[in-house]
Amino acid sequence: MATITNSDLHWLKSDLNVVQKQAVAETEGPVLILAGAGSGKTRVLTYRIAYLLANGLAEPKELLAMTFTNKAAAEMRERVARLIPNRMSGMWIGTFHSLFARLLRQEGQRLGFTKSFSIYDQDDQVTLIKTILKDFKLKQQDIPPRAVAHKISAAKNAMLTFKQLEQNQNNYLDVQLPAIFREYQRRLREMDAMDFDDLLLKPIELFERFPLILDYYSDKFRYILVDEYQDTNRAQYVVLKYLAGKHRNICVVGDDDQSIYRWRGAEIKNILDFEKDYPECKKFHLEQNYRSTQNILAAAHSVVKNNHQRHPKKLWTEKEKGNKVVLIQVDTELEEAKMVSDRIGYELKNGGYNFSNFAVLYRTNAQSRVLEEALRSESIPYIIVGGVKFYERKEIKDVLAYLRVLCNPSDAISLRRIINFPTRGIGSVTFGKIEAYAKKNNLSLLDALKNIDNVDTLQQNARQSIKRFYKMLNKYSQVKNDLLPAELASSLIEELGIIRIYKEEGTIESLTRIDNIRELLVAIAEFSKQQDKPVTLEGFLENVSLTTDIDNWDDKGNAVTLMTLHSAKGLEFSVVFIVGLEEGLFPLSRSSADPMELEEERRLFYVGATRAMNCLYLSWARSRRRYGGNNRSYTSRFIKELDASFIDVIHVGRNSIPRRRTFLPESEDQTMPDYENESQEQSELRVGMRVEHQTFGKGTILQIDPSSHHPKLVVLFDSAGKRRLVLPYAKLEIL
DNA sequence: AGTGCATATCTTTTT
DNA sequence: GATATGCACT
C-alpha cells in the first residue's frame, strides 16, 4: 500500500476518509474503485488528480480523465483547479466523445477525414438512413429507419463485424441490415461525417492501423482516470485497453448498481470483470454514504438487493434515521401532480427549503406535462431538463445546417435540409435531378450546384434559384474565417429573412421560433466569450453536437427541477419525488420480458432514490392517461419490494377508501392481474373474432402476425374495409 | 411547387 | 395526444 508522502497536502488528510485516502494514494497500476451512490467518488477522482500533480508524479499533459457528461467533466475540472490552481493546462479532461473528437480532429486525416468533419446526431442519422432506404427501394413500413439506426448503433457499440451481422438474421430487417450498414458508412465517409458511435470506433481503427499513433498516445497518457465505468460499452472498453496498455495506470470508478445505459450498449460486465482484465489491480470499496438519511438508504437498498447481476454491498451512513420514505397512492396522474405541488408547498413551509432543493423524477419525458401544469397553476417555479432539446428544434437545426454546410461542404444531409429553406422553388423533383446529375458525374452535391448549367433537364427558374443559392453560400464561405461566428450567423439569418418569415406567420409557435433563433445567436456569442482561445465556427458546432441539456442545468436558479431518472444521475436534492411507480411505466412494460432489462429498471429506481438527501416521496396513480386513452394501472413491483419498515403510506383521493389496502408489501400478494396486462388482453385475440375499433368501428380479425416487437394484425372492418393495425396501439375491444 | 388536411406512428431512457 | 408523413388540391 502506498503511503502518503507529501505532508504539505493538508487537504488530503482533512477531507478524506481512510479508504478514500488509500484510493487516492494508490497511484501506480490498475485501480478499481467501487463507489456507491453519494460516497464521494468525484472527490476521490479530483483529489487523485491533484495528488498526482502535487507530488510531481505526472505532468498535466500526461493525464487523461474521462467522463460521460460535460457537466461531470466541468465539475471535475473546477474542483481540481480549486485544489491545485494553475496546473490544468494541457490536461485531457472531458467526455469520451469530446476527447475522441479532439483526437480525431488531429489524426483523422489518416482515415480520410478532414479536420472539420461533421458530427451527426440521431436525427441526421435517421435522415441519412431514409435516403438510403429510398435508393435501395425499400419500404419504410417494412424497414423502420429508426430501427435501422438503432441496430447500426448497437452493432457499432458492440463492435460486431459485418460477418457477425450476416450470421445473425432473424427477420427481414436483419437480412437487409448489412447492406444498409455498408452504404451508411460509405456515405458518412463521403460526407466527411461521423456519428456518435464513430467517435469511439474510429480511434480504435486508428490505433490498429497505425501503431505509431497508438504508441504516441499510450505513452503520452501515463495516468488514465475513468468516471462511471459501469456505463462503458464494448468500444470504450477496447479503446481504454489500448490506451492503458503501456503504463497500465488506469483507475476506474463506478458502481454496478448505477449502470443504467445498457440500452445504449453499456456492458455492466466491464466493471464486474475489471479484476479479470487487470489481475494485479487494487480494489477499493467506498461504502460510506454522505448524502442520504438511513431510511432512504435502507429503502433504496431493499429494492436493489433483488438484482442478481451485482456485487453484494451495503452503504452505511453516519446521518440520522430521518423521515421515513413516503409512499403516496393517488387516483390519477392529475392528482399525482397536484400532490407533488402540495407537498412542495408543505415542505417549503416546514422544512426550510427553497425551490432548488426539490426534484421531481419520472421515467418518461411524456410525464412532465401534467406536472408542469400543476406547478404552474400553483406558481411554483420549475425548470425542465431534457425533453425536446434546444438544438433539436426545427428552426435551430435549420440555421445550424447552414453553418454546417459552410464548415463542411460535403455535408449532404445538411445541404438537403437548407436547399429549399426558406422555400426558394427547389422542390423534390429539382433536387432529384441535381442528385442524379451529381451521381452520374461523380460530383459532390455542392459541385453539382456549382455546375448547375450542365444539368439540362432543369426548369429555368429553378436554375436561377440554385444559382442564387450557390452564390450566397459561396459568399459566406469566403468570409467565414474573417467574421466572428456570431456575426456570421446573424448576418446569415438576416439575409435569409428567417425572422421576417416567422413574423409573417404570426402564430404563437412562430413567435417562440423567433425567440429560439435569437437565443441561438446569444448562445454562439456566449460560447465565444467563455473560451480562452479564439473560437471558430467549427468549434461551436462541435460543442453543439456534444452538449446535452443536463450540461447546462445549474442548481443556482431558484426553481424545482423536473427531469427523467436518467438525467438525475450524479445529482442530489434535499427532497426528491419519484412519480409514476406503476407496472408498465416504471418498470416499463417492455422490460418485464427480459430479466436483464428489468434489473436495469431496478437500478434506475435505485439511482433515483439515492438522489434524495432528506426526503423521498414515491407515488403511483391508480389510473393514468397514456397514448390518449385512460388506463387502469397497478403498483410497481418496486413498491412491493420496498421493506415496509422504512415506509409511510398515504392515500390521497376521493375514491381511495374501498379496494382494501393496496399496499401490503409483506403480506400475501393481492390479487392482481398479470404484470403484462396489456399483452394478456391482446393474446386473447383470435382470427375470426369480432372487434370494435375507436375510429374504424366494428370488424372481423382476418390475420394475426406476432412478429418481432410490434405484432400486427389485419382486420376487415364493416365500413372502413381492410386495415393493418399495430397491436399495442390499436385499442380494440372484443365484442 | 407549395399548401393544408387526413392519416399513421408512436414514447423509454442520451453521449 | 402530438408529431411526421402522405395525399389531394391549388
Side-chain angles (χ1 to χ4, degrees), chain A residues 66-73 94-101 119-123 126-127 130 140-141 144-147 150 153 157 195-200 228 231-233 235-236 259-266 361-370 385-389 391-392 394 420 422-431 459 461-462 465 505 509 542 544-551 563-569 580 584-591 597 600-601 603-604 607-608 625-630 695-696 709-710 712 720 723-730:
Chain A
M66 294 204 269
T67 64
F68 276 83
T69 66
N70 295 295
K71 189 177 158 48
T95 64
F96 276 92
H97 294 268
S98 66
L99 292 178
F100 287 138
I119 298 173
Y120 279 1
D121 64 14
Q122 199 189 318
D123 222 49
V126 169
T127 313
K130 278 181 186 165
Q140 283 194 24
Q141 288 93 316
R146 297 177 64 95
H150 183 257
S153 176
N157 284 325
D195 63 19
F196 280 132
D197 306 315
D198 285 340
L199 293 178
L200 306 176
E228 310 278 17
D231 285 332
T232 51
N233 62 30
Q236 285 159 329
S259 164
I260 54 174
Y261 287 105
R262 198 179 93 94
W263 51 274
R264 215 171 65 192
L361 309 180
Y362 36 79
R363 181 65 242 263
T364 65
N365 278 309
Q367 286 164 260
S368 68
R369 240 194 54 210
V370 244
V385 178
V388 186
K389 283 162 222 66
Y391 289 113
E392 286 171 14
K394 181 195 169 301
N420 200 30
T423 52
R424 49 172 75 86
I426 308 174
S428 54
V429 178
T430 308
F431 188 76
Q459 288 192 309
N461 34 3
S465 274
E505 270 182 27
E509 201 196 345
E542 175 162 319
V544 166
S545 311
L546 300 177
T547 303
T548 59
D549 254 40
I550 188 71
D551 296 327
M563 64 182 147
T564 64
L565 288 142
H566 282 88
S567 309
K569 195 167 75 161
L585 181 60
F586 191 22
L588 273 173
S589 55
R590 292 182 115 178
S591 65
E597 274 185 41
E600 175 141 319
E601 297 276 316
R603 291 192 290 269
L604 194 53
V607 167
R625 224 167 225 290
R626 278 182 89 191
Y627 311 108
N630 231 341
T695 38
F696 300 134
H709 45 288
H710 281 320
K712 298 188 174 65
R723 296 278 168 169
R724 270 168 73 80
L725 302 168
V726 184
L727 204 57
Y729 307 107

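In the text below, chain A, chain B and the rest are named by the order of the sequence lines, each starting its count at 1. The model shown is predicted, which means the values in this text are computed figures rather than measured ones.
- When the side-chain nitrogen and oxygen atoms of A:Asn420 are compared with OP1 and OP2 of B:dG2, one or more of them lie within a distance under 4.0 Å.
- Phosphate proximity of B:dT14 to A:Thr69: absent, as no side-chain N or O sits under 4.0 Å from OP1 or OP2.
- The distance from atom CG of A:Leu588 to atom P of B:dT13 is 8 Å, rounded to the nearest whole Å.
- Nucleotides B:dT13 and C:dA4, compared at atom P, are 15 Å apart to the nearest Å.
- Judged by distance alone, with hydrogens and angles left aside, the side-chain atoms of A:Ser465 form a donor-acceptor pair with the main-chain N or O of A:Arg424 at under 3.5 Å.
- Here the C1' atom of nucleotide B:dT13 and the CG atom of A:Asp231 are 12 Å apart, to the nearest Å.
- A:Leu546 comes within contact range of no nucleotide atom at all, as no heavy-atom separation falls under 4.0 Å.
- For B:dT12, neither phosphate oxygen OP1 nor OP2 lies less than 4.0 angstrom from any side-chain nitrogen or oxygen of A:Asn365.
- Residue A:Thr564 places at least one side-chain N or O under 4.0 Å from the OP1 or OP2 atom of B:dT14.
- Summary of the strand contacts: A:Glu601 and A:Gly425 both lie near DNA chain B, and taking for each the nucleotide with the nearest heavy atom, the more 5' one is attributed to A:Gly425.
- Relative to the side chain of A:Lys130, the nucleotides C:dG1, C:dA4, B:dT11 differ in distance, and C:dA4 lies closest.
- B:dT13 has its base stacked against the ring of A:Trp263, the centroids being under 5.5 angstrom apart at an interplanar angle below 30°.
- A:Asn365 places no side-chain N or O within 3.5 Å of a backbone atom of A:Thr564 that could act as its donor or acceptor partner.
- Rounded to whole Å, the distance from CD on A:Gln367 to P on B:dC10 is 20 Å.
- Residues A:Thr430 and A:Asn420 are not in side-chain contact: their nearest non-hydrogen atoms beyond the backbone lie 4.5 Å or more apart.
- Counting non-hydrogen atoms under 4.0 angstrom, A:Ser98 reaches nothing in the nucleic acid.
- Contacts of A:Asn70 with the nucleic acid, taken as non-hydrogen atoms under 4.0 Å apart, are absent.
- With B:dG2, B:dT13, B:dT11 as the candidates, the nucleotide lying closest to the side chain of A:His566 is B:dT13.
- Between A:Ser567 and B:dT13, a side-chain N or O to OP1/OP2 separation shorter than 4.0 Å is absent.
- The CG-P distance, from A:Asn461 to B:dA1, rounds to 9 Å in whole Å.
- For A:Glu597 and A:Val429, each mapped to the nucleotide of DNA chain B holding its nearest heavy atom, the one lying further toward the 5' end belongs to A:Val429.
- Using a 4.0 Å heavy-atom criterion, one finds that A:Phe196 contacts the bases of the nucleic acid, with or without backbone contacts as well.
- Using a 4.0 Å heavy-atom cutoff across all strands shown, A:Glu600 reaches no nucleic acid atom at all.
- Using cut-offs of 30° and 60° on the angle between ring planes, the pair A:His97 and A:Phe196 is perpendicular.
- Between A:Arg262 atom CZ and B:dT12 atom P the separation is 15 Å, expressed in whole Å.
- Ring planes of A:Phe68 and A:Phe96: tilted class, angle from 30 to 60°.
- Under the 3.5 Å distance criterion, with hydrogens and angles disregarded, a donor-acceptor pair is assigned to the side chains of A:Thr364 and A:Gln367.
- Contact check, A:Arg369 against C:dA2: a side-chain N or O comes under 4.0 Å of OP1 or OP2.
- The CG-C1' distance, from A:Leu361 to B:dT12, rounds to 15 Å in whole Å.
- Look at CG on A:Asp123: it is 13 Å from C1' on B:dT14, rounded to the nearest Å.
- For the pair A:Arg363 CZ and B:dT12 P, the computed distance is 9 Å after rounding to whole Å.
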